Amino acid sequence: MVRATSEKVGRGTCLHCGEAVTYRRSAGGMLKAACDACDMSAYAPRNSEAERAMLATIKNPAPVPEDPPKPSPKDVPQEPQARPRNSVFDVGAL
């Protein structure tokens, strides 16, 4: 079973105490943060008022990963060509 990972959104301040926390987004779209200083955990569904409040505190957004380069035609492995089928009447196959 493959475990879904969460992606890092960025670093911002805790909504309760103001300490630095890391904001993450789960595979289901839930935004979450956990503060080590005051033990507060915050969760916000996508497109909610809570999510907008949490995203407003982010000062250092995580870098957006670039798209991987597309392989050139030389790098793409080609399928081997199919061998022509022998016929029942093929004398050369005997």
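In this chain, residues are counted from 1 in sequence order. Given the structure is predicted, the values throughout are model-derived calculations rather than measurements.
Nearest approach of Arg24 to Val9, heavy atoms of both residues: C-CG2, 4.0 Å. When every heavy atom of Val21 is checked against every heavy atom of Ala33, the shortest pair comes out as CG2-CB, 4.3 Å. Between Arg11 and Ala20, the shortest heavy-atom contact is NH2-CB, 3.2 Å. The two residues Ser48 and Ala44 come nearest to each other via the heavy atoms OG-CB, 4.0 Å.
Residues Tyr23 and Leu55 have side chains not in contact (no heavy-atom distance under 4.5 Å, counting atoms from C-beta outward). Inter-residue side-chain proximity for Glu19 and Met40 is flagged as unmet; no heavy-atom pair is nearer than 4.5 Å. Counting heavy atoms from C-beta on, the side chains of His16 and Cys35 never come closer than 4.5 Å.
Side-chain contact annotation: Tyr43 with Ser26, donor-acceptor N/O pair under 3.5 Å absent.
Once rounded to the nearest 0.5 Å, the distance linking NZ of Lys59 with OG1 of Thr13 reads 4.5 Å.
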